[in-house]
Amino acid sequence: MKTMTCKQLGGACDKKFSAYSFDEIADLSKQHGMEMFQKGDKDHLKAINEMMALMQNPDAMKERFDT
C-alpha cells in the first residue's frame, strides 16, 4: 500500500491518501480537490490553479514531481 499527502501531490494540506496504486491515489486526490473546490477553500483553489498551469508545460510538471 502506498500513502501520499495532498501537499506531495501539489495540494494545500496534509490529508493522507492510501491506495495500492498511484492511479488510485490520484483518484482520491481528485475527489478531495473537487470537494475543496466546491467549498471554496482558498488554499486549495490556489494549488489547483498552480497545478493547472504546470500541466500546460510537461517539463515543469516532470520537474515538480521529480523533486
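Minimum interatomic distance between K16 and T3 (heavy atoms only, all atoms of both residues): CB-CG2, 4.0 Å. Closest non-hydrogen pair, C6 versus A12, comes out as SG-N, 3.4 Å.
If you chain together ILVMFWY residues whose side-chain heavy atoms come under 4.5 Å of each other, Y20 ends up grouped with M1.
Scored by the side chain to side chain contact (heavy atoms under 4.5 Å, CB included) test, I25 finds K2, M4, L9, F17, A19 as partners (sequence neighbours excluded).
Between the CD1 atom in I48 and the CE atom in M34 there is a gap of 9.5 Å [rounded to 0.5 Å].
The side chain to side chain donor-acceptor pair (under 3.5 Å) pairs that include a residue from residues 39-49 are H32-H44, D41-H44, where partners are two or more places apart or lie in different chains.
A single hydrophobic cluster is seen to contain both F22 and L28, as judged by linkage of ILVMFWY side chains at heavy-atom distances under 4.5 Å, directly or through other members.
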